[in-house]
Amino acid sequence: CRVINLASYRFRLSVSFSFVICCTFSLQYYYKMSEHKSSLNISDFYEHEDVSLEYIMENVLYVEKKDDDDSEFQHLEREYNSILLNGCDCNSEKINCIKCLHGRNYKWLSEATELVLDVDKCEDLIYECSSACKCDPSKCSNRLVQNGPRAGLKVVHSNIFKSKGLISSELIPRGGFICEYAGEILSFKEASKRLKKYEQILDKNYILFMKEWNKNQVLKNPITTIIDPTQKGNIGRYINHSCDPNCEIRCVRIDCPIPKIGKFYCNYIFLRTDMVKNN
Ligand SMILES: [Zn+2]
Ligand SMILES: [Zn+2]
Ligand SMILES: [Zn+2]
């Protein structure tokens, strides 16, 4: 019989916040301009205890004052208001999208009765199926992050870490999806402004810099996504940073060129971790 690797009950979830992910992929964006309108049906019943924080179910573009000639912001806005059009044509009666053009990264774990990240095989960029696909959502094996965070997560205060943290009251299989790290999508300019501000007024920093690049073009045109859940965020903001993490971060694209940052349980040390400088 096959043994599945489960997280111990009430394990604190942690992730390494400072790293570069190196992917082999060729990004092909086929998108059209539109107002940003999510077609996702995210199910998320968590909320913040602190009423001064705004709970959001997925990333939002920051809205602070910007210069009219801020080309970096304009690019970000264009991406945010775009929809990926590269859907698949899977319409078989069998379970869909196991081997389709953007499937393959998830697998069905019958022991845990859930779809999980195939952590040993998943190297490529993750594209989930969306409304651009012909597959039946109820049979598709390529829709996970878009369904929202897993049940059983709980925010606790830790005296050891002197901060809040996230635990799971249920066992989590290896590769199990925890939640998105949702927050405000920032430009570099805005992120460096906020980092300075947070250094002065807060003793912690939640801003995540995620860099993706093609293995064959290291350091050439990496794609950077910057997420700040300090004021607007979801349950993902309570996952602690650790140099010995038990969760893994992956960029997941669904209907928007700007990826969602998905957190998956992965009870081994990252195979690759590197420091990312903020600027
Ligand atoms: Zn498909
Ligand atoms: Zn599809
Ligand atoms: Zn599908």
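Each ligand, and each atom within it, is numbered from 1 in the order the structure gives.
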(request) Output yes when R194 and E184 qualify as a salt bridge under the 4.0 Å nitrogen-oxygen rule, no when they do not. (result) yes
(request) Determine the minimum heavy-atom distance between K260 and E58, stating which atoms define it. (result) NZ-OE1, 2.5 Å
(message) Run the side chain to side chain contact (heavy atoms under 4.5 Å, CB included) test against D50 and tell me which residues pass, sequence neighbours left out.
(response) S52, L53
(request) Not counting sequence neighbours, which residues clear ring pair (Phe, Tyr, Trp, His ring centres under 6.0 Å) with F177? List them please. (result) F264
(request) May I ask you to check whether N234 and Y181 show a side-chain donor-acceptor distance below 3.5 Å? (result) no
(request) Spell out the protein N/O/S atoms under 2.8 Å from the Zn ion (ligand 1) as residue plus atom name. (result) C88 SG, C90 SG, C97 SG, C100 SG
(message) Going by the rule ring pair (Phe, Tyr, Trp, His ring centres under 6.0 Å), which residues pair with Y198 if we only count those two or more places apart in sequence or in a different chain?
(response) none
